[in-house]
Amino acid sequence: MLRNYSNSRTLGDNIRLGTLTAFTAGTINIASLLIFLSFTSNVTGHYAILAAEISKGNWTQVAVVGAWIFLFFFGSFVSNFIVINFNKRSKYFAHSMPIVLEIMCLLFVGIYGQFYYQKTLEETEYLVALMLFATGLQNGLTASISNFSVKTTHLTGTTTDLGILFSMFTKKKYRKSGELIARAKLLMSIMVAYVLGAVFSGLTYYYLEFRVFYVISVCLLIVIGYDAYKIHMRHFNTKYRYSRIYKKPTLLAYLYDKVHGIPKRKEKRTLVFDE
C-alpha cells in the first residue's frame, strides 16, 4: 500500500490504501460531529462558515475557522514535503511517516478527551484543529503517492467522478475500457468504505466515546504494518534464496527448513555455481 509510488502503483495498491484510509476518515468525521459538532475530514463547509463570519464582522471566529482551514492545508503540505524529500532514501519511511504523525494526533485527541476534556469552547477549538491537521496529513499522503488518484477524506470529488463515469458507461465503447472500469472500482470502494466507517462510528461512539480514536489508530497501524510485513518477507525470501544457491546456510534458512521441511528431489540438480 505504501511502498509503491505514483504510476508504479497497481489498482490493488490503491484499493487497499483507499478503503482503509477512507474507513478511518469516515469514522473520524462522524466521531468529531458527535463530539464537537464539527466536521473534520474536509474543509468545504468551513469555507462557507468563514465567508459567513466575515460578512458578520465576527473576526474572532474568522481567525479560528481560518486557522482550521490553514491546518488542513498545512497537513497536506507536511505530508507531501516528507514524501518528496525522503522518497529517495526510503519510500516506506517517507510514505509511512505522515501516517505515524496522524496516529500521534488521534491518540492525543483520544487520551485528552477520555481523561481531561472539560467540554470548554477553547478545548473544542484546539482539538478540532488537531484533527483537521491529521486528516490533512492523510489526504495529502494518499493523493501524493497515488498521483492524485486516491483522496479519502471527503466524497465530493468521488461522487462527481462516479457520476461522470456512469454516464460514460451508457456507451458500449466505454464499458469495454479497462482503465475506466478500474477507476470506477477504486472510487466505489472508497465511497463504500467511507460510509461503513461513518456507520461504525455512529453505532459505537456511545459505547466507546473517545476510545473510538484508538480503534482508528489501529486501522492506520494496519496500513503501516501491511507494508512492513511485505518488506520483511521479501528480505527473508531473498536471504533464503541466496543461502540455498550459494550453499551458505544462514539462521533464517535453517529456521525456514525446520518449519517447512526440505523438499525432496528425485535427483540432485547441478547448479552453474557448482561447476
Side-chain angles (χ1 to χ4, degrees), residues 21-79 81-82 97-141 151-156 194-221:
T21 54
F23 181 86
T24 60
T27 308
I28 290 171
N29 208 31
I30 296 304
S32 65
L33 178 63
L34 295 174
I35 300 171
F36 307 121
L37 302 178
S38 178
F39 294 110
T40 57
S41 71
N42 62 83
V43 290
T44 305
H46 294 310
Y47 275 106
I49 294 172
L50 179 68
E53 297 298 340
I54 291 174
S55 65
K56 294 177 184 177
N58 191 351
W59 302 113
T60 301
Q61 287 302 309
V62 168
V64 171
V65 178
W68 287 352
I69 295 171
F70 172 77
L71 282 168
F72 188 90
F73 157 83
F74 188 63
S76 297
F77 171 85
V78 170
S79 187
F81 181 84
I82 293 172
M97 185 51 61
I99 299 292
V100 172
L101 293 176
E102 182 184 2
I103 291 173
M104 292 172 63
C105 293
L106 295 177
L107 286 177
F108 178 86
V109 173
I111 293 170
Y112 186 90
Q114 185 178 357
F115 298 106
Y116 305 106
Y117 185 51
Q118 299 298 319
K119 298 183 179 181
T120 64
L121 179 60
E122 290 78 10
E123 287 177 307
T124 300
E125 289 173 348
Y126 285 127
L127 292 176
V128 168
L130 188 60
M131 292 175 67
L132 282 164
F133 175 71
T135 52
L137 283 168
Q138 176 178 307
N139 206 44
L141 173 70
K151 295 179 182 178
T152 58
T153 61
H154 56 276
L155 297 182
T156 305
Y194 188 98
V195 172
L196 289 176
V199 171
F200 170 81
S201 184
L203 292 175
T204 60
Y205 166 72
Y206 295 104
Y207 302 99
L208 298 176
E209 296 183 340
F210 277 93
R211 289 186 291 273
V212 71
F213 293 105
Y214 306 152
V215 177
I216 299 169
S217 298
V218 170
C219 293
L220 293 172
L221 282 174

The side chain to side chain donor-acceptor pair (under 3.5 Å) partners of Glu53 (sequence neighbours excluded) come to Asn58
- request: Verify, without hydrogens or angle tests, whether Ser76 (side chain) and Gly136 (backbone) share a donor-acceptor contact under 3.5 angstrom.
  value: yes
What's the verdict on side-chain contact (heavy atoms from CB on, under 4.5 Å) for Asn42 and Thr156, showing C-alpha distance, side-chain angles and the deciding distance? CA-CA 10 Å; Asn42 62 83; Thr156 305; over 6 Å; no
request  = Please examine the side chains of Phe73 and Val43, heavy atoms only from C-beta on, and report whether any two atoms are closer than 4.5 Å.
outcome  = no
| said: Measuring only between side-chain heavy atoms, which start at C-beta, is Glu102 closer than 4.5 Å to Leu141? | reply: no
Only residue of Asn29, Thr21, Thr152 satisfying side chain to side chain donor-acceptor pair (under 3.5 Å) with Tyr194 is Asn29
### Query
Would you say Thr135's side chain and Thr40's backbone share a donor-acceptor pair under 3.5 angstrom?
yes
Separation between CZ (Phe72) and CE (Met131), nearest 0.5 Å, reads 12.0 Å
When rounded to the nearest 0.5 Å, the distance separating SG of Cys219 from CD1 of Ile99 is 11.5 Å
Sidechain-backbone polar pair: His154 side chain, Ala25 backbone, donor-acceptor under 3.5 Å: no
Output for pair (Ile216 CD1, Thr27 OG1), nearest 0.5 Å, gives 5.0 Å
Judged by atom type as modelled, is there a donor-acceptor pair below 3.5 Å linking the side chain of Ser201 to the main-chain atoms of Gly197? no
Value for CZ (Phe23) from CG (Leu220), rounded to nearest 0.5 Å, stands at 11.0 Å
When rounded to the nearest 0.5 Å, the distance separating CD1 of Ile82 from CZ of Phe77 is 10.0 Å
The reported gap from CE in Met97 to OG in Ser79 (rounded to nearest 0.5 angstrom) is 11.5 Å
* **Exam field: side chain Trp68 to backbone Glu125, donor-acceptor pair closer than 3.5 Å** => yes
- Please work out which of the three classes, parallel, tilted or perpendicular, describes the rings of Phe70 and Phe74, given edges at 30° and 60°. parallel
Enumerate donor-acceptor pairs with a distance under 3.5 Å from any side-chain N or O in residues 103-118 to protein atoms, sequence neighbours excluded.
unit_1 : atom_1 : unit_2 : atom_2 : d
Tyr112 : OH     : Glu123 : OE2    : 2.5
Gln114 : OE1    : Tyr214 : OH     : 2.6
Tyr117 : OH     : Thr124 : OG1    : 2.7
Gln118 : NE2    : Tyr116 : O      : 3.4

Distance-only check: which donor-acceptor pairs under 3.5 Å involve side-chain atoms of residues 202-210, not counting sequence neighbours?
unit_1 : atom_1 : unit_2 : atom_2 : d
Thr204 : OG1    : Phe200 : O      : 2.7

Is the number of heavy atoms from other residues, nucleotides or ligands under 6.0 Å of Phe39 CZ greater than 12? no
Margin query: Side chains of Gln138 and Thr153 only: does a donor on one sit below 3.5 Å from an acceptor on the other?
Written below: no
